[in-house]
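Every chain is numbered from 1, with letters handed out A, B, ... down the list of sequences.
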2 protein chains.
Amino acid sequence: MHDHAATHDHGCGGAQAAIARAERLCRERDLQFTRLRRDVLTAVASQTRPMGAYDIAEALSEPGRRVAAVSVYRALDFLTEHGLVHRIASRNAFVSCGHSHTDGAGLVFLICRNCGTIDETTAPEVEDQLGRTLAKAGFRPISRILEVEGECGACLGQAGAEG
Amino acid sequence: MHDHAATHDHGCGGAQAAIARAERLCRERDLQFTRLRRDVLTAVASQTRPMGAYDIAEALSEPGRRVAAVSVYRALDFLTEHGLVHRIASRNAFVSCGHSHTDGAGLVFLICRNCGTIDETTAPEVEDQLGRTLAKAGFRPISRILEVEGECGACLGQAGAEG
DNA sequence: GTTGGCGGTGATACACTGTAACACTCGGGC
DNA sequence: GCCCGAGTGTTACAGTGTATCACCGCCAAC
């Protein structure tokens, strides 16, 4: 249950890509990509499951370097503000952004109830329909969260093979 | 900001309807609609804005009757389990269900950033599209949350009239 | 070189959100 | 009377997030 490997470009390899993207974005926007922010992003991006702020703080703490949760929150604020990580409201946790758009709009998060892996996709048709529904209701959207909990394809395949 | 009135069937009148619906549902399913559960539902249904569990506990406490948050949580568990109230993940708060379906599927919550009012609607077209997207991704959904933050029609109308 | 401002960080404390565990009450069945 | 189960009261505690202040490093100004 705890050693479920990444199914696509997350995992340890994904962390490097996330870091590279962050470095580029910070250079473009003249932002400081400090060590703490890099470390927090690395920790989050090395997992396919959402990490809590305190988990991150613990993961980053070593003998001789204690990272307080409050520092992690500040780094997460920065990273989420610039679309490098996303907050999963239903879990109070964070995942690295798997895309390169970094605008944070129109995302759908698929959270597997079995293995805990989070998949991040976009669904333009859903966004279109939702936009129409909101317009009809006279509501002007600013941000939205769409999180689906269920069973991912990998777990369904395993269950089918085993059962 | 704090005296914004209900825009439709919420408010003090909505509470009575919610209670009536809850009583009927509990009778049908042979559930206990106890005083605490009724009081919690009344408190939640009398507001158009989502209430935190501790807000509810405070609202229910009087001289001579202290309602602990943990009791409120248990009542909320019961009420959410039977679709009488909904949890707003992005706010860690709860609202009374404005519909009579009580199955909790396919709901969209519209949260006004200005007045804090929550509107609850269904959007079958959005659900259809989302279902197709999930099927294409090989993901079997069990539950989903869809919460939109923005500006409600009432506030947009006021801003337009004032500005 | 020193000073002063500013953004980021460290650290403590605190507020808010949610759960675990246990005792008690109340009603129904034996 | 006794047991039993559901609901509630109570305390304690874990998890999540913010406020506040001090410190540090960098850079610009003097």
Side-chain angles (χ1 to χ4, degrees), chain A residues 22-23 25-27 29-44 49-82 84-95 116 145 147, chain B residues 22-23 25-27 29-44 49-82 84-95 116 145 147:
Chain A
E23 283 177 340
L25 181 141
C26 289
R27 212 161 31 230
R29 303 189 191 178
D30 201 26
L31 301 170
Q32 297 187 42
F33 193 54
T34 64
R35 178 190 172 191
L36 180 64
R37 292 169 180 177
R38 181 170 38 80
D39 289 353
V40 168
L41 179 57
T42 303
V44 172
R49 301 151 72 139
M51 286 185 89
Y54 282 70
D55 296 337
I56 299 170
E58 193 178 351
L60 261 46
S61 292
E62 304 163 322
R65 186 199 183 198
R66 179 188 158 233
V67 178
V70 59
S71 302
V72 173
Y73 274 110
R74 280 188 292 230
L76 287 171
D77 284 345
F78 172 87
L79 295 171
T80 54
E81 191 176 341
H82 296 96
L84 295 166
V85 310
H86 300 298
R87 178 183 160 77
I88 306 300
S90 60
R91 299 285 181 108
N92 293 326
F94 300 83
V95 291
I145 65 176
E147 302 171 9
Chain B
E23 283 177 340
L25 181 142
C26 289
R27 214 163 27 232
R29 302 190 191 177
D30 200 26
L31 301 170
Q32 297 188 42
F33 193 51
T34 64
R35 178 189 172 190
L36 180 65
R37 293 171 179 176
R38 180 169 38 81
D39 289 353
V40 168
L41 179 57
T42 303
V44 172
R49 301 152 70 140
M51 287 185 87
Y54 281 69
D55 297 335
I56 299 171
E58 193 177 351
L60 262 46
S61 293
E62 306 163 321
R65 184 198 185 198
R66 179 185 160 241
V67 178
V70 58
S71 300
V72 173
Y73 274 110
R74 282 187 290 229
L76 287 171
D77 284 344
F78 172 86
L79 294 170
T80 54
E81 191 177 341
H82 295 96
L84 295 166
V85 311
H86 300 298
R87 179 184 159 78
I88 306 300
S90 61
R91 299 284 180 109
N92 293 327
F94 300 83
V95 292
I145 66 176
E147 301 171 11

- Item | Residues from residues 61-69 of chain A lying under 4.0 Å of DNA chain D - heavy atoms | none
- Task: Using atom CG of B/Leu76 as one end and atom P of D/dT8 as the other, report the distance to the nearest whole Å.
- Result: 12 Å
- Query: Rounded to whole angstroms, how far apart are CD on A/Glu58 and P on D/dT16?
  - Reply: 12 Å
- Task: Using the side chain to side chain contact (heavy atoms under 4.5 Å, CB included) rule, take A/Val67 and A/Glu58 through it: C-alpha gap first, then chi angles, then the decisive distance, then the call.
- Result: CA-CA 7 Å; A/Val67 178; A/Glu58 193 178 351; over 6 Å; no
- Say you draw a straight line from CG of A/Asp30 to CZ of A/Arg27; how long is it, rounded to the nearest 0.5 Å? 11.5 Å
- Query: Is the phosphate of C/dG10, meaning OP1 or OP2, less than 4.0 Å from a side-chain N or O of A/Ser71?
  - Reply: yes
- Is A/Arg87 touching bases, backbone alone, or none of the nucleic acid, heavy atoms closer than 4.0 Å? sugar-phosphate
- Task: Could you check which of C/dT19, D/dA6, C/dG18 has an atom nearest any side-chain atom of B/Val70?
- Result: C/dT19
- Quickly work out the B/Asp77 CG to D/dA6 C1' distance and round it to whole Å. 15 Å
- Message: Tell me the interatomic distance from A/Met51, atom CE, to D/dG15, atom P, rounded to whole angstroms.
- Response: 14 Å
- Return the value, rounded to whole Å, for the distance between atom CZ of A/Arg91 and atom P of D/dT16. 12 Å
- Message: Given B/Met51, which partner from the list B/Ile56, B/Leu76, B/Ile88 fulfils the side-chain contact (heavy atoms from CB on, under 4.5 Å) test?
- Response: B/Ile56
- What nucleotide, of D/dG9, C/dA11, C/dT17, holds the atom closest to the side chain of B/Tyr73? C/dT17
- Nearest-angstrom distance from the residue atom CZ of A/Arg35 to P of C/dT9: 11 Å
- Message: Using side chain to side chain contact (heavy atoms under 4.5 Å, CB included), reason through A/Val40 and A/Phe78 one step at a time and then give a plain yes or no.
- Response: CA-CA 11 Å; A/Val40 168; A/Phe78 172 87; over 6 Å; no
- Query: Can you pull the salt bridge (Lys or Arg N to Asp or Glu O under 4.0 Å) pairs that have at least one residue in residues 61-72 of chain B, sequence neighbours excluded?
  - Reply: B/Asp39-B/Arg65
- Note on the structure: Rounded to the nearest 0.5 angstrom, the CZ-CG distance for A/Phe94 and A/Asp55 is 11.0 Å
- Query: Taking only residues two or more places apart in sequence, or in another chain, which ones meet B/Arg38 in a side-chain contact (heavy atoms from CB on, under 4.5 Å)?
  - Reply: B/Ile19, B/Phe33, B/Arg35, B/Thr42
- Query: Picking from D/dG17, C/dG18, D/dA6, which would you name as closest to the side chain of A/Asn92?
  - Reply: D/dG17
- Between A/Arg38 (CZ) and C/dT9 (C1'), how many Å, whole number? 15 Å
- Message: Just to be sure I understand the rule, does A/Arg74 reach a base, reach only the sugar-phosphate, or reach nothing, if contact means heavy atoms closer than 4.0 Å?
- Response: base
- Message: Please pick, from D/dG17, D/dG7, C/dG18, the nucleotide with the shortest atom-to-atom distance to any side-chain atom of B/Thr34.
- Response: D/dG7
- Nearest whole angstrom, please: distance from the P of D/dT10 to the CG of B/Leu36. 12 Å
